[in-house]
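Everything on this sheet refers to the single structure shown next.
In this chain, residues are counted from 1 in sequence order.
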Amino acid sequence: MLYWLAAQLDFPGVLNLIRYLTFRAGAAVMTALFLGLIIGPRFIGWLRVRQGKGQPIRDDGPQSHLAKKGTPTMGGLMILTAMMVSVLLWMDLSSTYVWACIAVTMGFGAIGFLDDYDKVTKASHKGLSGKFRLLAEFIIAGIAAMLIVQHNGTALYVPFWNGPALDLGPLYYVFAAFVIVSFGNAVNLTDGLDGLATMPVIIACMAFTAITYLAGRADFAAYLGIPHVPGAGDLVILTGAMIGAGLAFLWFNAPPAAVFMGDTGSLALGGTIGVIAVVSHHEIVLAIIGGLFVVEALSVIIQVFFYKRTGRRVFKMAPIHHHFEQLGWPETQVVIRFWIVSFVLALAGLATLKLR
């Protein structure tokens, strides 16, 4: 909105700063951060009144989690509100990539909200059926993939290899949708401890702030040997808004959490990062930067696969953060160590920008 207004006025005087991506990215961070901190207390109080008993806690989970009964969920609404206000204020809304990201953010957020609402109203941790959720997610991700491919092609770029890109043709639509849906659900599975998913999401956004900016610049992209995606640089405002909103939420989600993100936030944030990776042609690098989320999801898949076939468990409990809790690690120790792992993986992912 502010970008459009400044453009109509031909960026006079101090408004000329709005031309610069770096200024708008910084403004997006601060806008989302301050808005999240301002609305947080009242929003949490409203959720507590509306939900009563809060998010249902699994009886078969770690016993220490039973003390969290009564903590409200759907805190993702606070994140999405701060994030979307910031995006609408500072982003160039004429970009197709922007609308593809917004479609996934709001679409996945709506699915997560329905899931959280179902859990709270029925006082059950089951929520919506898995088949319905996946179908709805793939429809939304497929629409986003079509919007992106119109301007971005169907090439898959492989890190550590300076050869030609792989043109997947029509298969790329399926691949892109899979990346978006799988990453959304991977973040959702990770969101099981206070602050565990929030900081790794922020770290991943920081990494993709650099990647989208560099991919949007023809000179930097040519120097680094990465695909140049005209218009991708605009997504630094989106990643900035996610960072600011995430930091504001972490203020209230830090142990002991006053509010849970819920599927409303985790699905939306994970899906949005997946779209950003697709736009910037760094889908494979996403698996490195978001390696923590990948491991969390794989731990669940491995656990279910082996248990159904052998009746035995590979991990003491899945997702894998519960495995370490069962080994005797305190919750805060699991969270901070996983943050460190996430930071190291983000650095490894950024290293691929030059190792080609």
Side-chain angles (χ1 to χ4, degrees), residues 47 51 53-76 78-79 108-109 111-113 115-116 118-120 123-128 130 133 182-204 246 249-250 252-271 273 290-304 307 313-342 345:
L47 287 175
Q51 295 179 11
K53 296 182 179 180
Q55 177 172 302
I57 305 298
R58 294 179 57 177
D59 294 329
D60 59 345
Q63 294 301 301
S64 60
H65 289 202
L66 296 178
K68 300 181 181 184
K69 284 186 176 180
T71 305
T73 187
M74 297 187 192
M78 186 181 82
I79 299 175
F108 277 36
I111 295 169
F113 174 82
D115 195 52
D116 287 334
D118 196 59
K119 291 175 183 176
V120 170
S124 169
H125 59 80
K126 292 183 179 180
L128 301 176
R133 274 182 44 160
S182 60
F183 206 74
N185 283 280
V187 174
N188 180 230
L189 290 170
T190 305
D191 184 34
L193 302 179
D194 298 351
L196 178 59
T198 310
M199 181 54 75
V201 163
I202 293 170
I203 292 170
F249 179 76
L250 187 60
F252 305 103
N253 185 236
V259 64
F260 296 143
M261 184 187 302
D263 294 0
T264 307
S266 56
L267 270 179
L269 294 176
I273 295 174
L292 175 67
F293 302 115
V294 174
V295 170
E296 290 273 9
L298 286 176
S299 70
V300 174
I301 294 171
I302 292 169
Q303 186 86 321
V304 172
Y307 186 76
R313 291 179 172 85
V314 177
F315 306 102
K316 290 181 178 294
M317 188 176 291
I320 198 169
H321 55 259
H322 291 322
H323 171 79
F324 288 104
E325 280 191 292
Q326 298 289 53
L327 289 177
W329 291 19
E331 179 175 338
T332 52
Q333 192 174 76
V334 175
V335 170
I336 293 174
R337 286 180 174 175
F338 275 40
W339 286 0
I340 294 170
V341 170
S342 181
L345 289 172

If you define the side chain from C-beta out and look only at heavy atoms, does anything of [X] sit under 4.5 Å from [Y]?
X: Leu269; Y: Met261; value: yes
X: Val259; Y: Phe249; value: yes
X: Leu267; Y: Arg133; value: yes

Task: Partner of Asp263 by side chain to side chain contact (heavy atoms under 4.5 Å, CB included), out of Leu128, Asn188, Thr73 - done: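 The side chain to side chain contact (heavy atoms under 4.5 Å, CB included) with Asp263 is passed solely by Asn188 among Leu128, Asn188, Thr73.
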TODO: State which residues pass side chain to side chain contact (heavy atoms under 4.5 Å, CB included) with Ala257; sequence neighbours excluded, sorted by chain then number.
DONE: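 If we apply the side chain to side chain contact (heavy atoms under 4.5 Å, CB included) test to Ala257, skipping adjacent residues, the hits are Asp194, Asn253, Phe260.
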TODO: Apply side chain to side chain contact (heavy atoms under 4.5 Å, CB included) to Ile273 and Val201, showing your working.
DONE: CA-CA 8 Å; Ile273 295 174; Val201 163; 4.0 Å; yes
- [ ] Start with the C-alpha distance between Asp191 and Leu196, add both sets of side-chain angles, then the distance that settles side chain to side chain contact (heavy atoms under 4.5 Å, CB included), and finish with yes or no.
- [x] CA-CA 6 Å; Asp191 184 34; Leu196 178 59; over 6 Å; no
Task: Ile320 vs Phe338, side chain to side chain contact (heavy atoms under 4.5 Å, CB included): CA-CA, chis, key distance, verdict - done: CA-CA 11 Å; Ile320 198 169; Phe338 275 40; 4.2 Å; yes
Closer than 3.5 angstrom, by distance alone: can the side chain of [X] be matched with the main-chain N or O of [Y] as a donor-acceptor pair?
X: Gln303; Y: Phe315; value: yes
X: Glu325; Y: Glu331; value: no
X: Trp339; Y: Ala197; value: no

- [ ] Ignoring hydrogens and angles, state whether a donor on the side chain of His323 or Gln326 is under 3.5 Å from an acceptor on the partner side chain.
- [x]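 Per modelled atom types, His323 and Gln326 side chains form no pair under 3.5 Å.
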TODO: In sequence, state the C-alpha distance, the side-chain angles, and the governing distance for Lys119 and Asp115, and then conclude on side chain to side chain contact (heavy atoms under 4.5 Å, CB included).
DONE: CA-CA 6 Å; Lys119 291 175 183 176; Asp115 195 52; 3.2 Å; yes
